[in-house]
Amino acid sequence: MTDATSRPVRTRFAPSPTGSLHIGGLRTALFNWLFARHHNGSFILRIEDTDQERYDATALQTLVEALRWAGLQWDEGPEVGGQFGPYVQSERLAHYQQWARWLVDNDKAYRCFCSSERLKQVNEEKVARKEPPGYDRFCRSLSPAESAQRAANGESYVVRFKTPLDGQTVVQDWIRGESVFENANQQDAVLLKSDGFPTYHLAVVVDDHLMQISHVMRAVEWFPSFPLHWQLWDAFGWEKPVFAHLPVMLNPNGKGKISKRHPPVDKHGKTIPVMVHDYMRAGYLPEAMLNFLANIGWNFGDEREVFTMVEAIERFDLTRINPANSAFPTEKLDWLNGEHIRLLSPEELARRLKPVLEAAGFEVNVEVLLKVTPLVQVRMKSLSDVVEIAGFFFRETFIPAAPEKLPQKKMDARQTRDALVAAAARLGELTDFSIEAQKLAMETLAQELGLSNSQLFGVLRVAITGQQVSTPLFETMDILGKDTSLERLKLAGESLLVQS
RNA sequence: GGCCCCAUCGUCUAGCGGCCUAGGAUGUCACCCUUUCAAGGUGAAGACACGGGUUCGAACCCCGUUGGGGCUACCA
């Protein structure tokens, strides 16, 4: 079996718009996108909004936003059009109704007039008898004439598939090979609902055919309905696409798939975001996110784990997809995000940092930001880290640290104050306030005071930045300037109460 | 419960019958570098779920057990 058919490669991502994009959905989209790009094919976005009860007007917008953030451009779909449109299923009802009708006319499906009450009762009875629940095929034996008559009378009905009563359905999955399902275990699934909307099962087959999808990559959740779809393709007599059921991502502890309803937690008990928008807000880079997702269930081929999507496209194939489900390795995401942050040019990083700082309420002086960026670049795991590490550069008024934070290991208040005074005096004398000059002066001073560099520099750091953890001291003073630096040292010295 | 899928370090993975006394990454720990925090460098601990086969030889093939996961709607 080969993973490329003779047909042009066309893949699709077909989410239902029920909110932001689920992180697992993004990976499914990514794999489809990578495959299409690798084969110079087309990647299609199709919206599966056939559930009116779950309709959400803003969801499509949010979904599109997440996909655009990730950079997964679709060649056909909402907002971009295409020759196989419309790409929103609620606008394609005529197709589904036509093909449902075709199935009924060709004895592949039938109208079911059973009420939901009766269905419920049948189920309860079956369960009571310890039988597996399911429809009892009551309407399957209705004559075509009676069926048509009742429909004509305006009686409400659904269309159900006429599942073969015996035999087996042998399905082919690219990742798992052959699987055999007993037809006797299959239900007469509803294809067309009473509101005239199709179920997923009908819509997916009709659309994948009409849109000439060559490869269907979807999550394994769909595997149980795979035989139904397989039979549907056969019933229509259409050429099937290649199917590949992707493993799902489980909670970090490996228990259960990641879901919005039961938010996963990491080993520290911290809640892990499920939606792409949460990751956007948390300061993750789209390139890191995609790199991360590409490493779950697929691998680059050699031992590299940090790569760009351009590189991934070159190598992407279905043969290296791992059929096993995987826990969500959050620590790797943080690591990869740091790696990608370091891969960025300082200018590019600064460009991405600006909105983060602004969102935190800072007014950003771009010139300062450009100087600060290289200092934070190596220290960040996420873009939002900049606020904590270097936010003080952009604060209107300086917030000094509490005086008790000033003394370093084995230092008392007097010693600390004296060090601050001496440092201010020494730095004040400098005509050359360069980083090197500052460093030399302070190293000399530390020796004179009998302090270690660590002690003296620590005191100065807290005085200058108001923080115990910050950007490097001399670089920071360089950016702040001599006047501001001296002012802060003086302020810190005065804040220390010393009994004489 | 039924049906189906899956099974290598804590985690993500390489491995597709001999190159495996199982490789990489992450995380953890130690050391080095060092003005804090990082980053970087070096090193350590850490896995073929179990039981049967097949074979000269099995992490790799087959069967069973166990474990995990998915599905079980007029939701997708």
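Every chain is numbered from 1 and lettered A, B, ... according to where its sequence line falls, protein lines coming before strand lines. Keep in mind it's a predicted model, so treat the numbers as computed, not measured. Note: hydrogens, waters and symmetry copies are ignored here, and every other heavy atom, side chains too, is used.
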> Any N or O donor-acceptor pair linking the side chain of A:E305 to the base of B:rG24 at under 3.5 Å?
Replying inline: yes

>> Can you measure A:I296 atom CD1 to B:rC12 atom P for me and round it to whole angstrom units?
In response: 9 Å

> NA contact type, A:S326, heavy-atom cut-off 4.0 Å: base, sugar-phosphate, or nothing?
Replying inline: sugar-phosphate

> What's the CH2-C1' distance between A:W335 and B:rG40, to the nearest Å?
Replying inline: 14 Å

> Of the nucleotides B:rG24, B:rC4, B:rU26, which has the atom closest to the A:F181 side chain?
Replying inline: B:rC4

> When we call it a touch if two heavy atoms are under 4.0 Å apart, what does A:E48 touch: a base, just sugar-phosphate, or nothing?
Replying inline: sugar-phosphate

> Hey, would you say the A:H229 and A:F161 ring centroids sit under 6.0 Å apart?
Replying inline: no

>> Using ring centroids (six-membered ring only for Trp), state whether A:F113 and A:F138 fall under 6.0 Å.
In response: no

> Could you state the CD-C1' distance from A:E124 to B:rA73, rounded to the nearest angstrom?
Replying inline: 14 Å

> Choosing from B:rA7, B:rC74, B:rA39, which nucleotide comes nearest the side chain of A:P323?
Replying inline: B:rA7

> Considering only B:rU35, B:rC5, B:rG24, which nucleotide approaches the side chain of A:E303 most closely?
Replying inline: B:rG24

>> From C-beta outward on A:F223, which listed nucleotide comes closest to its side chain: B:rC12, B:rC5, B:rU35?
In response: B:rC5

>> Mind checking if A:P17 touches a base, just sugar-phosphate, or nothing, with heavy atoms under 4.0 Å?
In response: nothing

>> Categorize A:G301 for me: base, sugar-phosphate, or nothing, with a 4.0 angstrom heavy-atom threshold over every strand shown.
In response: nothing

>> Categorize A:G134 for me: base, sugar-phosphate, or nothing, with a 4.0 angstrom heavy-atom threshold over every strand shown.
In response: nothing

> Centroid-to-centroid, A:F181 to A:W230, below 6.0 Å?
Replying inline: no

> Please give, in whole Å, the distance from B:rA25 P to A:F307 CZ?
Replying inline: 15 Å

>> At less than 3.5 Å, do the side-chain atoms of A:R379 and the base atoms of B:rU36 form a donor-acceptor pair?
In response: yes

> What is the nucleic acid contact for A:S16, judged by heavy atoms within less than 4.0 Å: base, sugar-phosphate only, or nothing?
Replying inline: sugar-phosphate

> Touch check for A:E475, heavy atoms < 4.0 angstrom, all strands: base, sugar-phosphate only, or nothing?
Replying inline: base

> OP1, OP2 of B:rC71 versus side-chain N and O of A:K257: anything below 4.0 Å?
Replying inline: yes

>> Under 4.0 Å, heavy atoms only, any strand: does A:Y200 hit a base, just the sugar-phosphate, or nothing?
In response: base

>> Checking side chain to side chain contact (heavy atoms under 4.5 Å, CB included) between A:L353 and each of A:L344, A:I341, A:L383, which is the one that passes?
In response: A:L383

>> Applying a 4.0 Å non-hydrogen cut-off, can you work out what A:T50 is touching in the nucleic acid: base, sugar-phosphate, or nothing?
In response: sugar-phosphate

> Counting any heavy atom closer than 4.0 Å, what does A:P472 reach on the DNA or RNA strands: base, sugar-phosphate only, or nothing?
Replying inline: base

>> Please pick, from B:rC12, B:rC75, B:rU36, the nucleotide with the shortest atom-to-atom distance to any side-chain atom of A:T199.
In response: B:rC75

>> If I take atom CG in residue A:L202 and atom C1' in nucleotide B:rC75, what distance separates them, rounded to the nearest angstrom?
In response: 15 Å

> Contact class for A:R461 (heavy atom, under 4.0 Å): base, sugar-phosphate, or nothing?
Replying inline: base

>> Taking the ring centre of each residue, are A:F474 and A:F457 less than 6.0 Å apart?
In response: yes

> At their closest point, which heavy atom of A:R176 faces which heavy atom of A:P247, and how far apart are they?
Replying inline: NH2-N, 4.0 Å

> Is A:N299 near enough to B:rU13 that one of its side-chain N or O atoms lies under 4.0 angstrom from OP1 or OP2?
Replying inline: no

> Heavy atoms under 4.0 Å, any strand shown: does A:N322 hit a base, just sugar-phosphate, or nothing?
Replying inline: sugar-phosphate

>> Closest approach to the side chain of A:V469, judged atom by atom: which nucleotide of B:rC12, B:rC37, B:rA76 is it?
In response: B:rC37

> What nucleotide, of B:rC74, B:rU35, B:rG27, holds the atom closest to the side chain of A:S194?
Replying inline: B:rC74

> Which part of the nucleic acid does A:V190 contact within heavy-atom distance under 4.0 Å: base, sugar-phosphate only, or nothing?
Replying inline: sugar-phosphate

>> Below 30° counts as parallel, above 60° as perpendicular, anything between as tilted: where do the rings of A:W298 and A:F307 land?
In response: perpendicular

>> I want to check one thing: is the phosphate of B:rA76, taken as OP1 and OP2, less than 4.0 Å away from some side-chain N or O of A:K193?
In response: yes

>> Taking B:rC12 as the reference, what is the distance to B:rA7 when you measure between their P atoms (whole Å, please)?
In response: 12 Å

> Taking CG from A:L290 and P from B:rC12, how many angstroms apart are they, rounded to a whole number?
Replying inline: 20 Å

> Looking at the side chain of A:E339, which of B:rC71, B:rC6, B:rG40 is the nearest nucleotide?
Replying inline: B:rG40

> When we call it a touch if two heavy atoms are under 4.0 Å apart, what does A:K381 touch: a base, just sugar-phosphate, or nothing?
Replying inline: nothing

> Is it the case that A:D207 and A:Y96 place a side-chain donor and acceptor less than 3.5 Å from each other?
Replying inline: yes

